[in-house]
Each structure stands twice: as C-alpha cells, then as structure tokens.
Amino acid sequence: QVQLVPSGGGLAQAGGSLRLSCAASGGTFSRYRIAWFRQAPGKEREFVAAISRNGGTTYYADSVKGRFTISRDNAKNLGNLQMNSLNADDTAVYYCAASSQALNPRILSGYDSWGQGTQVTVSS
C-alpha cells in the first residue's frame, strides 16, 4: 500500500485560502485514486474531494464545490487540495486517502491507505 504524508493546513481567516498537499511513497502513485476527507469535532468523517488516477475526473462534495480544487502531479507523487473562500464550517482535521479500487469515490470505506490528519482552522 502507498504511504501518505500530508502537509499544509493551519489557520486562516474567513474568506482566505489554504493549500494542502499529500506526498505519496511506497507504491505506484498513478495507480491510486486520491481523495480528501475531513472530520470536524463531534462529527463523522466526510468526503471532500477526489481525483481519478490520471487526473481527468474530479469529484466534490456540494459544500466545497466552486471553492476547493483537487489536483495531482503523478510525476512528483503529489496530491493537492487548494481551498479558497474558506469559512468556519471548513474547520476540521483533513485526511488524504488513496484507493486502488474502482469503487464509489465518495465512500470512506473504499480507501485503503490513509495519511495522518492535518488541522485546518478558519477564524471568523
């Protein structure tokens, strides 16, 4: 399985931007769909965005559509999540995940590799 190490995150003001990255190692990165999930305090982990193996197809949760952009660089084994127009509801621990399976990209159980979470806090 591929190992994932996230970076980025931190504190932003409402309306601001942050960029998350996820560095992969130990596997052929281009064979994995990449996704971001998030978990706010007291809530279940929820889907944020996903991108297909070749980057040609992207998926977004309705709550982030038009504000967040997921991308990947297979040559660098890197996945990214650009977050713009942040609001307090975006405050959560964000997780990158990788899937070698052709399952629903929005389903948490379809991912077999997970990175450690990275905190994103948006102040109003």
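Because only heavy atoms are used, hydrogens play no part in the values below, and waters and symmetry mates are left out as well, while side chains stay in. Residues take their numbers from the sequence shown, with the count starting at 1.
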Within the distance-only criterion (no hydrogens, no angle test), does the side chain of S113 pair as donor or acceptor with the backbone N or O of A97 below 3.5 angstrom? no
Side chain R19, main chain G9, donor-acceptor under 3.5 Å: no
Less than 3.5 Å apart, any donor N or O on the side chain of T121 or Q119 sitting next to an acceptor on the other? yes
Please list, chain by chain and in numerical order, all residues satisfying side chain to side chain donor-acceptor pair (under 3.5 Å) with T91, sequence neighbours excluded. none
How many angstroms lie between atom [atom1] of [X] and atom [atom2] of [Y], to the nearest 0.5 angstrom?
X	Y	atom1	atom2	answer
N74	N54	CG	CG	8.0 Å
T69	N84	OG1	CG	6.5 Å
F47	R106	CZ	CZ	5.0 Å
Q1	L4	CD	CG	9.5 Å
Q116	C96	CD	SG	10.0 Å
R72	T58	CZ	OG1	12.0 Å

Name the atoms and distances for all side-chain donor-acceptor pairs under 3.5 Å in residues 21-34, with sequence neighbours left out.
{"residue": "S21", "atom": "OG", "partner": "N80", "partner atom": "OD1", "Å": "2.8"}
{"residue": "R33", "atom": "NH1", "partner": "L103", "partner atom": "O", "Å": "2.6"}
{"residue": "R33", "atom": "NH2", "partner": "L103", "partner atom": "O", "Å": "3.3"}

Taking C-beta and beyond as the side chain, do [X] and [Y] meet within less than 4.5 Å on heavy atoms?
X	Y	answer
V122	D89	no
L81	F68	yes
Y95	R38	no
T57	I51	no
L108	W114	yes
I70	W36	yes
R45	V93	no
S17	Q82	yes

Check the pair R67, D90 against side chain to side chain contact (heavy atoms under 4.5 Å, CB included), reporting the backbone distance first and the verdict last. CA-CA 11 Å; R67 300 187 299 120; D90 297 318; 2.7 Å; yes
Which atoms form the tightest heavy-atom contact between [X] and [Y], and what is the distance?
X	Y	answer
L86	A12	CD1-CB, 3.9 Å
S99	G110	OG-O, 2.8 Å
A98	V2	CB-CG1, 3.6 Å
A92	A40	CB-N, 3.8 Å

Residues at least two apart in sequence or cross-chain that pass ring pair (Phe, Tyr, Trp, His ring centres under 6.0 Å) with Y111, listed by chain then number, are F37
